[in-house]
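Every chain is numbered from 1 and lettered A, B, ... according to where its sequence line falls, protein lines coming before strand lines.
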Number of protein chains: 2
Amino acid sequence: MGAKEGLQGIEENINKALSNSETLILGCNCEVSYSGRAESHLDAGDRIIMIKADNTLLVHQPTGSNPINYMKEASHKIRAGKRIKGTLVLESSSNKESMKILINKLHFVHSAALEDGQKIQLNGTERDMAEMIMCSPDVIEDGLRPVKQEEQTKYGFVDVLAHDKKGNLVVIECKRYKGSLADVTQLRRYVEKIKKSKGISKIRGILASNGITPNARKMLEDWGFEHKQVEPPKYMERFNSRQRNLFDY
Amino acid sequence: MGAKEGLQGIEENINKALSNSETLILGCNCEVSYSGRAESHLDAGDRIIMIKADNTLLVHQPTGSNPINYMKEASHKIRAGKRIKGTLVLESSSNKESMKILINKLHFVHSAALEDGQKIQLNGTERDMAEMIMCSPDVIEDGLRPVKQEEQTKYGFVDVLAHDKKGNLVVIECKRYKGSLADVTQLRRYVEKIKKSKGISKIRGILASNGITPNARKMLEDWGFEHKQVEPPKYMERFNSRQRNLFDY
DNA sequence: TACTACATCTCGCAT
DNA sequence: ATGCGAGGTGTAGTA
């Protein structure tokens with residue numbers, strides 16, 4: 001962005017950056033009002049405002065990892081404040097939501113056309129955990145035989161479906177973190193659904209997770225289900241230990 | 001930040017800003033590797049890196065509202081790249097996590113000491129919805145009498161507990177959005193818990209939400225629960241309509 | 001489009 | 001510290 005002087009020049013440059021789908025960063029003292037799915041107001045303080053190429057707007061306070069305010073797929077426009085000389089107003093609106101930011105003092109502005117078509121490669125998800133169990137079902141128990149993946153998908157969201165040594169059907173729900181009450185009720189829903197759809201009365205349910213809370217364990221046992229301690233896999237860790245140089249910048 | 005020239009000067013200035021707990025913004029082309037709760041790698045592209053006063057690090061791509069990579073409560077240090085001349089490496093580490101960012105090209109840097117002690121005022125939450133029902137229980141049904149708030153807290157997380165016209169105990173779970181399967185199982189948990197703790201066999205369960213999915217409705221009815229259409233309140237909207245000038249910047 | 005469930009969820013509150 | 005549930009959740013996958 002050019003170094004044109006004065007508020008009006010800044011205003012013009014910001015609006016130009018916005019219409020060019022550049023990524024825009026403002027450091028400023030501002031107050032924020034929002035109305036849409038809920039209503040909010042935030043009194044004046046120093047914040048970073050980011051408007052991305054896809055018109056996502058984020059307002060970040062100097063602490064915390066989440067934006068304190070945000071808008072998605074909105075149109076944005078900046079103009080001079082009507083009430084107080086020297087202020088700017090950033091107005092954002094979308095279908096059902098609107099936001100108004102009063103900028104009391106602009107600390108800095110930066111805009112740039114950014115290019116990034118990369119997608120993240122992520123390992124250690126719940127999906128990876130389920131795949132690990134399907135490839136090595138012994139981590140759950142001896143003699144477990146997972147049903148074929150194509151077969152399993154008929155039953156919807158079940159993480160792993162298998163037969164145990166005695167031929168019982170086993171529903172396994174994976175959680176990468178500590179199992180909770182909600183996780184146990186989720187397992188129960190799947191067991192009940194498959195019981196009904198297959199007309200089988202005895203189906204085992206196993207929560208495979210990295211720990212379980214006491215209340216969740218109690219509910220699990222009350223319902224006749226089981227818990228198996230499993231830690232989520234991190235394939236890249238193994239990969240890195242062999243090829244550490246890849247990330248040795 | 002000063003305008004000291006050269007990569008080494010930039011490096012020094014960034015590390016100084018970091019040690020001063022300033023908020024730091026980098027626009028750059030970079031690649032990111034993360035290892036901790038999971039493992040990830042992101043190939044080179046243009047991104048915004050933000051490091052806040054509380055050592056939160058965010059990596060934002062030019063689209064999307066969530067950071068593509070992040071770290072909390074980590075320590076950060078920037079240094080020259082070992083392999084490729086002209087590159088910088090930002091290393092972040094915390095107790096159990098680490099991240100390494102190779103900066104191929106630095107587009108811009110900005111740092112500032114930001115001050116913001118404000119907290120957001122938010123209306124229209126689930127809590128507000130529960131309070132609305134307690135103040136105006138008729139929105140659920142005629143003759144409903146909520147039990148006193150202090151009394152209710154004994155039963156834990158139940159949103160609203162009430163007696164109906166016939167004296168039956170009613171458990172109400174509020175959801176500001178469309179009711180889902182998980183919401184119905186949550187209601188069920190609360191009803192079962194209170195049934196047990198009070199030794200009552202008949203307790204009504206009502207899901208008060210802004211809509212309900214078909215499957216959730218079926219499960220709700222199978223279990224003998226009810227749904228009541230309720231929209232979340234937005235107190236500020238009323239407030240604004242009367243005092244619009246407050247936000248007329 | 002709607003529905004479903006995951007998330008390196010984050011955050012606040014209560015125990 | 002841990003348990004628990006909300007979130008203006010966001011996001012991806014699937015029917």
> In whole angstrom, what separates Leu187(B)'s CG from dA6(D)'s P?
Replying inline: 12 Å
> If we take the P atom in both dC4(D) and dG8(D), what is their distance in whole Å?
Replying inline: 23 Å
>> Without decimals, in angstroms, what is the distance between Asp128(A) CG and dA12(D) C1'?
In response: 14 Å
> Do any of residues 43-55 of chain A sit with a heavy atom less than 4.0 Å from DNA chain D, and if so which?
Replying inline: none
>> Between dT4(C) and dT8(C), how many Å separate the two P atoms, rounded to a whole number?
In response: 23 Å
> Are any non-hydrogen side-chain atoms of Val89(A) and Glu91(A) less than 4.5 angstrom apart?
Replying inline: yes
>> One character per nucleotide, please: for nucleotides 6-15 of chain C, 5' to 3', B when the base has a protein heavy atom closer than 4.0 Å, S when only the sugar-phosphate does, - otherwise.
In response: SSBSSS----
>> Distance check, C1' atoms only: dA6(D) and dA7(C), in whole angstrom units.
In response: 15 Å
> Could you state the OH-C1' distance from Tyr155(A) to dA15(D), rounded to the nearest angstrom?
Replying inline: 18 Å
> Can you find a heavy atom in the side chain of Met71(A) that is under 4.5 Å from one in the side chain of Tyr34(A)?
Replying inline: yes
> What is the distance, rounded to the nearest whole Å, between atom NZ of Lys154(A) and atom P of dA15(D)?
Replying inline: 13 Å
>> Nearest 0.5 angstrom please: Glu39(A) CD to Glu97(A) CD, how far?
In response: 10.0 Å
> Just checking, any donor-acceptor pair under 3.5 angstrom between side chains of Lys193(A) and Tyr155(A)?
Replying inline: no
>> Taking 4.0 Å as the cut-off, does a side-chain nitrogen or oxygen of Thr213(B) come that near to OP1 or OP2 on dT4(C)?
In response: yes
> Between Asn123(B) and Ser40(A), do the side chains contain an N or O donor and an N or O acceptor separated by less than 3.5 Å?
Replying inline: no
>> For the CD atom on Glu73(B), are there more than 12 heavy atoms of other groups (residues, nucleotides or ligands in this structure) within a distance under 6.0 Å?
In response: no
> Which whole-number value in Å describes the distance from Lys193(B) NZ to dG3(D) C1'?
Replying inline: 12 Å
> Given atom CD of Gln61(B) and atom C1' of dT11(D), what is their separation to the nearest angstrom?
Replying inline: 13 Å
>> When the P atoms of dT11(D) and dC11(C) are compared, how many Å lie between them, rounded to an integer?
In response: 16 Å
> Between atom NZ in Lys218(B) and atom P in dT4(C), what is the gap in whole Å?
Replying inline: 13 Å
>> In this structure, how many angstroms lie between the C1' atom of dA1(D) and the CG atom of Asn95(B), rounded?
In response: 14 Å
> Taking C-beta and beyond as the side chain, do Leu58(B) and Ile51(B) meet within less than 4.5 Å on heavy atoms?
Replying inline: no
>> For a side-chain hydrogen bond (donor to acceptor under 3.5 Å, both in side chains) check, start with the C-alpha distance between Asn215(B) and Thr213(B), then their side-chain angles and the critical distance, and finish with the verdict.
In response: CA-CA 6 Å; Asn215(B) 285 343; Thr213(B) 68; over 6 Å; no
> Is the phosphate of dC3(C), meaning OP1 or OP2, less than 4.0 Å from a side-chain N or O of Lys178(B)?
Replying inline: yes
> Going by atom types alone, do Lys175(A) and Gln186(A) pair a side-chain donor with an acceptor below 3.5 Å?
Replying inline: yes
